[in-house]
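Since the structure comes first, as C-alpha cells, the remarks are kept for the end.
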Amino acid sequence: MKHTESKTESEDEFSFGAAQSDVEVTTADRLRDFYREFIYKPGLVAWEDNRTRIGATILAVYVFVGTVGTWLYRSPSTNQSERSLQPFQTMEAPLGTTSSGEDVLAMAIHATPEMLIMILSGGIFATALAVLIGTVAGYKGGTTDRVLTTFSDVAMSIPGLPLIMVLAVVVSPERAVVIGILITINYWAGLARSIRSQVLTIREHSYVEASRTMGVSTPRILLKDVIPNIMPYVLVNFANAARYVVFASVGLYYLGILPTSVANWGIQLDNAYSQAGALSGGGTMYQLAVPMIAIMFLALGLILLAQGMDRVFNPRVRTRLAGESESETEDDEDAAAPTEVMT
C-alpha cells in the first residue's frame, strides 16, 4: 500500500514537471515582457523622478531645435540684418546681431545639430571602447587582463588636452563625428578601468559560473550575463562623457585649436570676446551670453538625466512603482542603490 502511494506521488510530480515544460512563450508574450521591462517600468520611474523628467525635457528641446529649428529659422550670414542690433529691438533678429550683421540667435540655433552629433559620436566611441576593453579584461583575466590594463594605464597617463591639440593639427578634422571621437580619444581609459572592476565581481556569480560549466562561449556570456548587469553604470557614464564633449569642444573652439568650418558655440564665444569686445564694456555682452546659456542648459540636462538614470535602472524602485511590491514603508532614497559615476 505504501509502495502504491509513493508511486502515485512520484507520477504526480513527474506529471507536474512535464506540464511546466510544455508551456510555450509566444512572440506576443516576449514583446509584452520587453515592453514592460524596458519601456513601461523605466518610463514610470522616469516620470516619477523630477531630475529625469526635467533633463529629458531639456534634451528634447535641443533635439527639436537641432532638427526642426534649423529648418524653420534662417541660416546666419553676413549683412542679413542691421549691424550691432541690441536684443529685442526687432523681431527680425530677436537676440541682436553682430558687428557684421549676423543674427546671434541664428548662429546659436544652427550650431546645435553639429554639437549634438559631436556629443553622440564622442559618447558612443568612449563608452563602446571602454565596455569592450573593460569587460574582456575583467572576465578573461591573466595575460589578457594585464595587456589591456597596461594599455588603459598608458592611455590614462597621456595628458588629454595636449594630445588632442597635436592630433587636431595633424588630422585637421572638418566633420563633427571625427571631432567628437578626437575629443574622447583617451577619455575611455578611466571608464574601462571602472568597468573592469565591476566585471571582476560579476564573473564570480553563480549564474556566470553555471554558463561556463555548460560550455557557453565567452562572447555569449559577456553579451547575455555580464554586460546587461553593468548597463545602468555604463549609461550613466555615457551621459557624463557627453557632458565632457560639450565642455571640451567649446574650450578647444574658443582657443582656436579646432577648425572653424564646423559651427560651434565656442566660435561664438571667441568672436564675442576677440571681435565684439564683450568683456570690455562695449554693450555686446549679449553676444557672449547667448552661447553661454545654450551650453549651460545642455550641460544641466545631461547632469539631471545622468542622476535620474541611477534611479531608473534600480530594480527595486521599478518593481515598487510598477505595483508589484506590497512594501509601503520603503523609502525611495533608501531603495535607490548607489551607482558609481566616473567624473
Side-chain angles (χ1 to χ4, degrees), residues 46 49-70 73 76 86-88 93-98 102-123 126 160-161 176 179-180 183-184 187 236-258 260 262-281 283-310 341-343:
D49 190 281
N50 290 331
R51 296 170 301 178
T52 311
R53 190 163 43 189
I54 296 173
T57 303
I58 292 174
L59 294 181
V61 170
Y62 276 88
V63 172
F64 179 81
V65 171
T67 53
V68 181
T70 55
Y73 204 83
Q86 291 292 314
F88 310 115
L95 297 183
T97 61
T98 64
E102 284 187 276
D103 187 349
V104 175
L105 179 59
M107 294 171 68
I109 289 176
H110 283 268
T112 304
E114 302 294 344
M115 180 63 79
L116 295 179
I117 293 172
M118 213 176 294
I119 290 171
L120 199 60
S121 65
L161 183 59
I179 294 173
I183 290 173
T184 54
Y187 181 83
V236 171
N237 282 286
F238 173 83
N240 282 281
R243 188 165 57 95
Y244 170 78
V245 173
V246 174
F247 293 142
S249 65
V250 170
L252 292 170
Y253 273 108
Y254 179 78
L255 294 173
I257 295 172
L258 292 173
T260 57
V262 178
N264 190 278
W265 298 320
I267 300 174
Q268 269 189 278
L269 292 174
D270 183 38
N271 292 339
Y273 173 73
S274 60
Q275 299 179 13
L279 296 179
S280 58
T284 55
M285 180 59 76
Y286 64 93
Q287 296 185 29
L288 201 63
V290 172
M292 286 181 66
I293 291 173
I295 296 166
M296 183 188 70
F297 274 99
L298 181 55
L300 178 64
L302 291 169
I303 291 171
L304 291 176
L305 190 64
Q307 292 177 346
M309 277 164 47
D310 177 26
V341 178
M342 193 187 71
T343 58

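Everything numeric in this text was worked out from a predicted model, so none of it was measured.
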Partners passing side chain to side chain contact (heavy atoms under 4.5 Å, CB included) against A239 (at least two apart in sequence or in another chain): A306

Pairing residues for F88 by the side chain to side chain contact (heavy atoms under 4.5 Å, CB included) criterion, not counting sequence neighbours: L95

Please find the pair of heavy atoms, one from G180 and one from S121, that lie closest to each other, and give the distance. CA-OG, 3.5 Å

Using a 3.5 Å distance criterion without hydrogens, assess whether the side chain of Y62 forms a donor-acceptor pair with backbone atoms of A294. yes

Backbone of V65 reached by a side-chain donor or acceptor of T112 within 3.5 Å: no

Find out whether F297 and V61 are in side-chain contact, i.e. whether some heavy atom of one side chain is under 4.5 Å from a heavy atom of the other. no

Side chains of Y244 and I183: closer than 4.5 Å at any heavy-atom pair? yes

Check whether any side-chain heavy atom of N264 lies under 4.5 Å from a side-chain heavy atom of M118, and answer yes or no. yes

With side-chain contact (heavy atoms from CB on, under 4.5 Å) as the test, would you mind laying out the steps for N271 and T98 before giving the verdict? CA-CA 9 Å; N271 292 339; T98 64; over 6 Å; no

For the side chain of W265 and the backbone of M292, is there at least one donor-acceptor N/O pair under 3.5 Å apart? no

Ring pair (Phe, Tyr, Trp, His ring centres under 6.0 Å) against Y254, all qualifying residues, sequence neighbours excluded: none

I'd like to know whether L302 forms a side-chain contact (heavy atoms from CB on, under 4.5 Å) with L59, so could you lay out the CA-CA distance, the side-chain angles of the two residues, the decisive distance to 0.1 Å, and finally the verdict. CA-CA 7 Å; L302 291 169; L59 294 181; 4.0 Å; yes

